[in-house]
Amino acid sequence: MKSLENQTEGPIPSTRKRVRFNPKRPVILLLVALLLGAAGYFFWWRAPLNVLILGVDNEGTRSDLMVLASFNPRTGEINLLSIPRDTRAGIPGRKSPEKITHAHAYGGPELSVKTVEEFLGIPLSRYVEFDFKGFAAMVDALGGVDIDIEKRMNYQDPYQNLKIHLKPGPQRLDGDKALQYVRYRDETGDLGRIARQKKFFYAL
């Protein structure tokens with residue numbers, strides 16, 4: 001797909017902070033920095049903090065995962081809103097509504113953030129983006145995530161080099177199996193996958 005910069009007057013300026021996960025960095029230090037930054041934000045401003053979580057493929061083109069995380073410092077609540085990748089939305093610089101996942105292909109995470117801001121009518125101050133490898137590395141660095149898998153999951157897609165084989169029941173998932181869990185798609189389609197992704201992030 002062509003870059004959005006070729007279709008508009010120039011790149012979209014932004015002053016928002018971004019966090020790009022790099023598995024080569026000390027993962028624990030990165031997570032601690034995120035927590036301390038959020039704590040400082042809550043302490044000084046005491047205002048809701050909206051963060052867009054983007055999961056992209058290893059090529060960094062498609063945003064298969066899009067979750068809005070809203071942190072309320074007054075109540076201590078964290079709310080998650082999953083946005084299906086096929087949701088039709090107006091993308092800045094495009095003539096007509098398209099699948100919201102296309103925003104990342106046109107203009108990267110900055111355009112995804114701008115699209116979600118206009119679509120939901122709320123400001124986003126930060127975003128976190130990771131690919132499959134970064135996601136797995138993050139889970140491994142935390143020692144795994146405990147999940148009660150609701151049913152047996154078997155799926156193979158040679159075109160995506162995707163193999164999913166998970167047994168039902170409570171268990172601790174390492175990075176590879178956690179990635180299988182959040183990518184699994186059955187007869188429920190995106191709605192079922194979204195429910196599993198939210199379940200995983202709450203457990204994380």
Side-chain angles (χ1 to χ4, degrees), residues 1-8 10-14 16-22 50-70 79-139 153 155-164 175 178-202 204:
M1 297 183 180
K2 295 182 179 180
S3 170
L4 186 74
E5 297 182 13
N6 295 329
Q7 305 173 47
T8 58
I12 297 176
S14 174
R16 63 176 59 86
K17 296 181 180 180
R18 67 177 179 177
V19 179
R20 184 180 298 275
F21 186 85
N22 185 341
N50 298 319
V51 178
L52 185 63
I53 302 173
L54 293 168
V56 300
D57 56 25
N58 285 332
E59 287 72 34
T61 303
R62 299 179 302 174
S63 56
D64 288 337
L65 172 70
M66 187 176 288
V67 177
L68 172 64
S70 182
N79 293 303
L80 301 178
L81 174 65
S82 295
I83 304 174
R85 61 180 183 177
D86 291 341
T87 300
R88 296 189 67 81
I91 300 175
R94 307 297 294 179
K95 295 181 179 179
S96 58
E98 299 184 34
K99 293 181 180 180
I100 201 166
T101 187
H102 291 176
H104 194 280
Y106 294 139
E110 292 291 346
L111 186 57
S112 292
V113 168
K114 185 66 175 178
T115 300
V116 172
E117 283 182 327
E118 294 188 3
F119 181 66
L120 297 179
I122 61 173
L124 298 175
S125 53
R126 288 166 172 78
Y127 68 84
V128 178
E129 181 181 68
F130 51 80
D131 60 14
F132 296 155
K133 293 180 180 179
F135 176 89
M138 175 182 67
V139 174
M153 299 179 180
Y155 179 79
Q156 291 192 171
D157 185 346
Y159 295 102
Q160 300 185 59
N161 193 27
L162 176 61
K163 297 180 180 179
I164 298 176
L179 184 60
Q180 293 180 37
Y181 182 74
V182 298
R183 295 188 69 191
Y184 180 70
R185 183 174 180 176
D186 56 15
E187 65 279 358
T188 61
D190 279 339
L191 294 181
R193 180 161 58 180
I194 285 173
R196 284 185 290 275
Q197 290 172 350
K198 291 178 69 175
K199 178 179 177 179
F200 172 83
F201 277 109
Y202 277 119
L204 179 65

Closest approach of [X] and [Y], non-hydrogen atoms and distance?
{"X": "Thr115", "Y": "Gly90", "answer": "CG2-O, 3.5 Å"}
{"X": "Gln180", "Y": "Ile164", "answer": "OE1-CA, 3.3 Å"}
{"X": "Ser82", "Y": "Lys198", "answer": "OG-CG, 3.1 Å"}
{"X": "Ile91", "Y": "His102", "answer": "CD1-CB, 4.1 Å"}
{"X": "Val182", "Y": "Gln197", "answer": "O-NE2, 3.2 Å"}
{"X": "Ile100", "Y": "Pro84", "answer": "CG2-O, 3.5 Å"}

Just how far is it from atom [atom1] of [X] to atom [atom2] of [Y], taken to the nearest 0.5 Å?
{"X": "Glu117", "Y": "Leu68", "atom1": "CD", "atom2": "CG", "result": "10.5 Å"}
{"X": "Leu191", "Y": "Arg185", "atom1": "CG", "atom2": "CZ", "result": "9.5 Å"}
{"X": "Lys114", "Y": "Leu111", "atom1": "NZ", "atom2": "CG", "result": "10.0 Å"}
{"X": "Glu118", "Y": "Leu124", "atom1": "CD", "atom2": "CG", "result": "11.0 Å"}
{"X": "Leu52", "Y": "Ser70", "atom1": "CG", "atom2": "OG", "result": "12.0 Å"}
{"X": "Lys99", "Y": "Arg88", "atom1": "NZ", "atom2": "CZ", "result": "8.5 Å"}

Going by the rule side-chain hydrogen bond (donor to acceptor under 3.5 Å, both in side chains), which residues pair with [X] if we only count those two or more places apart in sequence or in a different chain?
{"X": "Tyr181", "value": "Glu150"}
{"X": "Arg196", "value": "none"}
{"X": "Ser63", "value": "Thr101"}
{"X": "Thr87", "value": "none"}

* Structure fact -> Arg183 meets the salt bridge (Lys or Arg N to Asp or Glu O under 4.0 Å) criterion, sequence neighbours left out, with none

* **Sole residue of Val113, Val116, Ile53 in side-chain contact (heavy atoms from CB on, under 4.5 Å) with Tyr127** => Val113

* Go through the structure and list residues passing ring pair (Phe, Tyr, Trp, His ring centres under 6.0 Å) with Phe200, not counting sequence neighbours. => Phe135

* Kindly indicate whether the side chain of Leu179, heavy atoms from C-beta on, has any atom under 4.5 Å from the side chain of Val139. => no

* To do: Please tell me if the side chains of Leu65 and Phe201 come closer than 4.5 Å, counting only heavy atoms from C-beta onward.
  => yes

* Is it true that a side-chain atom of Glu129 and a backbone atom of Leu54 form a donor plus acceptor pair closer than 3.5 Å? -> no

* To do: Answer yes or no: is there a donor N or O on one side and an acceptor on the other, between the side chain of Asn50 and the main chain of Pro123, under 3.5 Å?
  => yes

